[in-house]
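What follows is a set of notes on a single structure, which appears directly below.
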Amino acid sequence: MSGKIRCAALLLWLALPAGADPLAEIVILGEVHDNPHAHLEQAAALETLRPTAVVFEMLTAAQGAKADADRSQIAQAWAASGWQDFDIYAPIFDALGEARIIGAAAPREAVRSVYLEGAAALFGPEAARFGLDQPLADDQLAARIEVQFAAHCRAMPRDMMGGMVAVQRYRDATFARAALEALETYGPPVAVITGNGHARTDWGIPALIAQAAPEVTTHAIGFVEKQTEMPFDETRLIPPTKREDPCNALTKN
């Protein structure tokens, strides 16, 4: 989308009636992946927002393009992603309206390479724009390592967590870039469907968008099962879902 066209789209967006104004140019909708209530809330948010495009953490660019070109192929594209039960995500796709489907998942081989080589090497020429060429401050790196250590049930060696942090940075930057490209192409508002860890405002997608394109407004909503210290622009509680302790498989081995 040219600058003039995007400007016109932005003016139309800002001219919506009072009470209908979108929250920001890019709205990040976090989730607990296996909780159906999170996806119902995300679907309701999309129906209100009426985005031009929706960026999905779960689909690669090729899978997103397939689903976007032929909506009857959405379930097949989802199955190819290897992601969780499509049925609990179906309400999100039912709420898309005319929004374009954008896949932003990094291919598995890229994620493996990031773990070994670092985020900047794989991200490409725009690495500096998203801060991937710079090491994290010691205190932030330590905090992120603790988050990854806890997320992996404290069952993996702590010294492996630095690679996990690099992967997280790479994925956050990839999602942020996809959202910015969608905004440039289709105009506002753009929505992002992603896990709560990517939606956090301190070092997730919103922070990387702020670094790469500080003129772009964002709003992050975390749909969480309990009160959390993760920062969002808005936090909404959802009923918890019943699940087996996800750490059982790791701690038993």
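Keep in mind that the numbers below use all heavy atoms, side chains included, and drop hydrogens, waters and symmetry copies.
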In terms of hydrophobic clustering (I, L, V, M, F, W, Y; side-chain heavy atoms under 4.5 Å; direct or indirect links), are Trp83 and Ile74 co-clustered? yes
For Phe130, which residues count as a ring pair (Phe, Tyr, Trp, His ring centres under 6.0 Å) partner, sequence neighbours excluded? Phe123
Report yes if some heavy atom in the side chain of Leu29 is under 4.5 Å from a heavy atom in the side chain of Glu41; otherwise report no. no
How about CD on Gln227, more than 12 heavy atoms from neighbouring residues, nucleotides or ligands closer than 6.0 Å, or not? no
Roughly how far, to the nearest 0.5 Å, is the OG atom of Ser81 from the CD atom of Gln76? 12.5 Å
With a sphere of 6.0 Å drawn around CZ of Arg243, does it hold more than 12 non-hydrogen atoms of other residues, nucleotides or ligands? yes
Shared hydrophobic cluster for Leu122 and Val111 (ILVMFWY, side-chain gaps under 4.5 Å): yes
Could you check whether any side-chain N or O of Gln148 sits under 3.5 Å from a backbone N or O of Gly162, counting only pairs where one atom can act as donor and the other as acceptor? no
Give the minimum heavy-atom separation between Phe175 and Glu57, together with the two atoms involved. CZ-CG, 3.3 Å
Let's go through Met58 and His33 carefully: what are the C-alpha distance in whole Å and the side-chain angles of both, what is the deciding distance for side chain to side chain contact (heavy atoms under 4.5 Å, CB included) to 0.1 Å, and is it a yes or a no? CA-CA 10 Å; Met58 304 82 186; His33 294 310; 4.3 Å; yes
Between the CD1 atom in Ile26 and the CG atom in Leu180, the distance rounded to the nearest 0.5 Å is 4.5 Å
How close do Phe223 and Ala38 get, counting heavy atoms only, and between which atoms? CB-CB, 4.4 Å
Flag side-chain contact, heavy atom, 4.5 Å: Val54 against Val192: no
Rounded to the nearest 0.5 Å, the CG atom of Leu96 sits from the CG atom of Asp68 at a distance of 9.0 Å
On a heavy-atom basis, which atom in Thr194 and which in Ile28 lie closest, and how many Å separate them? CG2-CG2, 3.7 Å
According to side-chain hydrogen bond (donor to acceptor under 3.5 Å, both in side chains), who are the partners of His37, at least two apart in sequence or on a separate chain? none
Over all heavy atoms of both residues, which pair between Ala43 and Ala95 is shortest? Give the atoms and the distance, please. O-CB, 3.4 Å
Inter-residue atom distance Leu40.CG - Tyr89.OH, 0.5 Å rounding: 12.0 Å
Out of curiosity, does Val32 fall in the hydrophobic cluster containing Leu46 (side-chain heavy atoms, cut-off under 4.5 Å, transitive links)? no
Applying a strict under-4.5 Å side-chain criterion to I, L, V, M, F, W and Y, I'd like to know whether Ile145 and Val147 cluster together. no
Using 0.5 Å steps for rounding, measure from the OG1 atom of Thr218 to the CG atom of Asp233. 6.0 Å
Do Gln140 and Arg144 have side-chain N/O donor and acceptor atoms under 3.5 Å apart? yes
Would you check, one step at a time, whether the test side chain to side chain contact (heavy atoms under 4.5 Å, CB included) holds for Arg71 with Ile101? CA-CA 9 Å; Arg71 300 297 169 100; Ile101 299 172; 3.7 Å; yes
In terms of heavy-atom contacts, Val216 and Glu25 come closest through CA-OE1, 3.4 Å
Derivation and outcome, side chain to side chain contact (heavy atoms under 4.5 Å, CB included), residues Met164 and Met156: CA-CA 11 Å; Met164 299 293 187; Met156 297 176 66; 3.8 Å; yes
Phe232 and Val190: same hydrophobic cluster, using ILVMFWY side-chain contacts below 4.5 Å? no
Correct closest heavy-atom pair for Ala182 and Val55 would be CB-CG2, 4.3 Å
How long is the straight-line distance from CD1 of Ile193 back to NE2 of His198, given to the nearest 0.5 Å? 13.0 Å
Stepwise side chain to side chain contact (heavy atoms under 4.5 Å, CB included) test for Leu136 and Arg169: CA-CA 10 Å; Leu136 296 173; Arg169 292 183 73 191; 3.7 Å; yes
Classify the angle between the aromatic ring planes of Phe93 and Phe56 as parallel (below 30°), tilted (30 to 60°) or perpendicular (above 60°). parallel
Thr235 (side chain) donor-acceptor with Pro231 (main chain) under 3.5 angstrom: no
pair Arg171-Val167: side-chain heavy atoms closer than 4.5 Å: yes
Taking Leu132's backbone N and O only, do any of them form a donor-acceptor pair with Tyr170's side chain (distance below 3.5 Å, no angle check)? no
